[in-house]
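Position 1 is the first residue of the sequence, and the numbers go up from there.
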Amino acid sequence: MQKILIIQTAFIGDVILATSVLENIHQSYPHAEIHFLLRKGNEKLLSGHPIVSKVLIWDKKQAKYPELLKLIRKVRTEKYDKVINLQRFASTGIITACAAANNSIGFDKNPFSFLFSKKVNHNIGNGLHEVERNYALISDFVDGAVLPPKLYPSPDDFLYVKKYKQQDYICISPTSVWFTKQFPADRWVAFINKIPKRYKIFLLGGPDDLSACEGIASKAKNENCVVLSGQLSLLQSAALMKNAIMNYVNDSAPLHLCSAMNAPVRAVFCSTVPEFGFGPLSDNSEIVQTKKKLACRPCGLHGLQNCKIENFDCAYSIEIGELLAPV
């Protein structure tokens with residue numbers, strides 16, 4: 001029986017997209033024991049996951065490097081057949097190399113890739129989706145086409161959000177860690193005010209997004225707007241988004257929640273571009289972005305904390321009507 005470790009210690013969206021690799025490996029090795037290494041705070045994404053046998057957690061905020069050494073020792077004791085590293089950072093390269101697995105696989109941009117048994121070219125900006133880039137790491141030992149990412153909310157998660165499904169509803173996730181990835185708050189307000197009254201509107205996000213969501217709701221004139229930011233777990237949010245008439249998101253983690261649930265979604269891209277490979281994968285999905293040719297766009301892979309030219313034209317030139325089309 002194969003024993004396999006997948007490493008992805010980046011952000012929520014990266015872990016969600018990495019579940020595509022889980023699905024492909026499980027399809028080819030249904031009896032494999034698969035472990036997943038991620039950063040502390042993201043482990044609830046894989047709670048109850050039927051494919052993952054064990055979740056290893058790296059606490060990057062508390063004693064980062066002593067915890068890294070403990071993690072390396074733990075990984076070595078597991079004696080993996082394969083270690084698949086989806087990241088390009090040195091720390092995960094060290095873990096991969098020190099695992100002493102029969103096969104260690106990662107991207108060539110990792111500083112320690114020279115110690116891997118296989119390294120794969122990594123390019124961003126050529127239109128290849130992240131799940132396709134990740135698939136390249138495993139393509140020589142799995143069968144079939146790239147499978148979409150997938151999350152598994154529990155029956156309790158679906159039961160918890162059932163109370164919010166008493167009428168047709170729309171979910172909006174208006175925030176992002178990066179300012180220039182966020183459709184501006186006043187534009188969300190304008191959009192909400194145009195949504196037909198027959199729809200309930202739920203504003204989603206984590207505890208850190210509560211203030212922003214409350215600010216949007218307080219300025220909107222639509223009495224059907226309800227703030228759920230900080231009240232739902234990630235899997236509960238996924239369970240709610242699954243049955244929404246439409247989900248409206250930025251180029252951020254909620255976009256990938258929709259992909260993992262095959263939930264309908266319209267994704268707003270402001271400073272970043274779909275060609276980076278992080279667009280929606282749902283059957284019912286659309287990308288909304290400016291039609292203007294802007295020399296400053298994209299301004300970075302992850303966006304910036306502020307607009308360098310201060311007009312944020314990549315966001316403000318998007319017409320509200322483009323979001324409204326499916327409602």
Do you know which two heavy atoms are closest between [X] and [Y], and how far apart they sit?
X: Ala90; Y: Asn110; value: CA-OD1, 4.3 Å
X: Lys165; Y: Val161; value: CG-O, 3.6 Å
X: Asn134; Y: Ala18; value: ND2-CA, 4.4 Å
X: Ser28; Y: Phe141; value: CB-O, 4.4 Å
X: Thr96; Y: Thr92; value: OG1-O, 2.8 Å
X: Leu304; Y: Thr180; value: N-OG1, 2.6 Å

Between [X] and [Y], is there a donor-acceptor pair closer than 3.5 Å when you use the side chain of the first and the backbone of the second?
X: Arg297; Y: Lys292; answer: no
X: Ser317; Y: Asp313; answer: yes
X: Asp81; Y: Ile4; answer: no
X: Lys3; Y: Glu78; answer: yes
X: Asn222; Y: Lys194; answer: no
X: Asn24; Y: Leu147; answer: yes
X: Ser173; Y: Gly205; answer: no
X: Asp283; Y: Asn262; answer: no
X: Glu286; Y: Arg266; answer: no
X: Ser259; Y: Pro280; answer: no

In terms of heavy-atom contacts, does [atom1] of [X] have more than 12 from other residues, nucleotides or ligands at under 6.0 Å?
X: Lys219; atom1: NZ; value: no
X: Glu223; atom1: CD; value: no
X: Gln167; atom1: CD; value: yes
X: Tyr65; atom1: OH; value: no
X: Lys197; atom1: NZ; value: yes
X: Gln62; atom1: CD; value: no
X: Phe11; atom1: CZ; value: no

Less than 4.5 Å apart, any side-chain heavy atom of [X] and any of [Y]?
X: Leu38; Y: Gln8; result: no
X: Glu130; Y: Ser20; result: no
X: Leu203; Y: Ile192; result: yes
X: Ile95; Y: Phe112; result: no
X: Trp178; Y: Gln305; result: yes
X: Pro254; Y: Met241; result: yes
X: Val75; Y: Cys98; result: no
X: Phe312; Y: Cys270; result: yes

[X] side, atom [atom1]; [Y] side, atom [atom2] - distance, nearest 0.5 Å:
X: Tyr199; Y: Cys225; atom1: OH; atom2: SG; result: 16.0 Å
X: Lys150; Y: Glu23; atom1: NZ; atom2: CD; result: 5.5 Å
X: Leu45; Y: Ser233; atom1: CG; atom2: OG; result: 9.0 Å
X: Arg133; Y: Phe278; atom1: CZ; atom2: CZ; result: 5.0 Å
X: Leu46; Y: His35; atom1: CG; atom2: NE2; result: 12.5 Å
X: Asn85; Y: Ser113; atom1: CG; atom2: OG; result: 10.0 Å

Dump the intermediate steps for side chain to side chain contact (heavy atoms under 4.5 Å, CB included) on Ile12 and His256, then the final yes or no.
CA-CA 9 Å; Ile12 292 170; His256 307 306; over 6 Å; no

Between Tyr164 and Asn243, is there a side-chain donor-acceptor contact under 3.5 Å, judged purely by atom types and distance?
no

Check: Ser229/Asp209 side-chain N/O donor and acceptor closer than 3.5 Å:
no

Lys163 to Tyr160, cation-pi by 6.0 Å centre distance and 45° axis angle
yes

Just checking, Lys82 and Tyr29: is the charged tip under 6.0 Å from the six-membered ring centre and within 45° of the axis?
yes

Is it the case that one hydrophobic cluster holds both [X] and [Y], taking links as side-chain heavy atoms less than 4.5 Å apart, direct or via other members?
X: Phe276; Y: Val15; answer: yes
X: Ile7; Y: Ile34; answer: no
X: Leu235; Y: Val55; answer: yes
X: Val83; Y: Val52; answer: no
X: Ile84; Y: Ile57; answer: yes

Identify, with sequence neighbours excluded, every residue that meets side-chain contact (heavy atoms from CB on, under 4.5 Å) alongside Ala212.
Thr175

SB check Lys64 Glu67 (cutoff 4.0 Å):
no

What verdict does the side chain to side chain contact (heavy atoms under 4.5 Å, CB included) test give for Val21 and Phe36, after you've listed the backbone C-alpha separation in whole Å, the side-chain angles of each residue and the deciding distance to 0.1 Å?
CA-CA 11 Å; Val21 171; Phe36 199 111; over 6 Å; no

Please determine whether side-chain hydrogen bond (donor to acceptor under 3.5 Å, both in side chains) holds for the pair Thr272 and Asp251, giving the CA-CA distance in whole Å, both sets of side-chain angles, and the decisive distance to 0.1 Å.
CA-CA 8 Å; Thr272 54; Asp251 173 19; 2.6 Å; yes

Are Phe191 and Tyr248 near enough that their ring centres are under 6.0 Å apart?
yes

Side chain to side chain contact (heavy atoms under 4.5 Å, CB included) assessment of Val268 paired with Trp188
CA-CA 11 Å; Val268 183; Trp188 283 122; 4.3 Å; yes

Taking the inter-plane angle between the rings of His49 and Tyr152 on a 0 to 90° scale, is it parallel (under 30°), tilted (30 to 60°) or perpendicular (over 60°)?
perpendicular

Considering only residues two or more places apart or on different chains, which pairs with a residue in residues 210-237 satisfy ring-ring contact (aromatic ring centres under 6.0 Å, His included)?
none

For a side chain to side chain contact (heavy atoms under 4.5 Å, CB included) check, start with the C-alpha distance between Tyr169 and Val226, then their side-chain angles and the critical distance, and finish with the verdict.
CA-CA 11 Å; Tyr169 63 92; Val226 177; over 6 Å; no

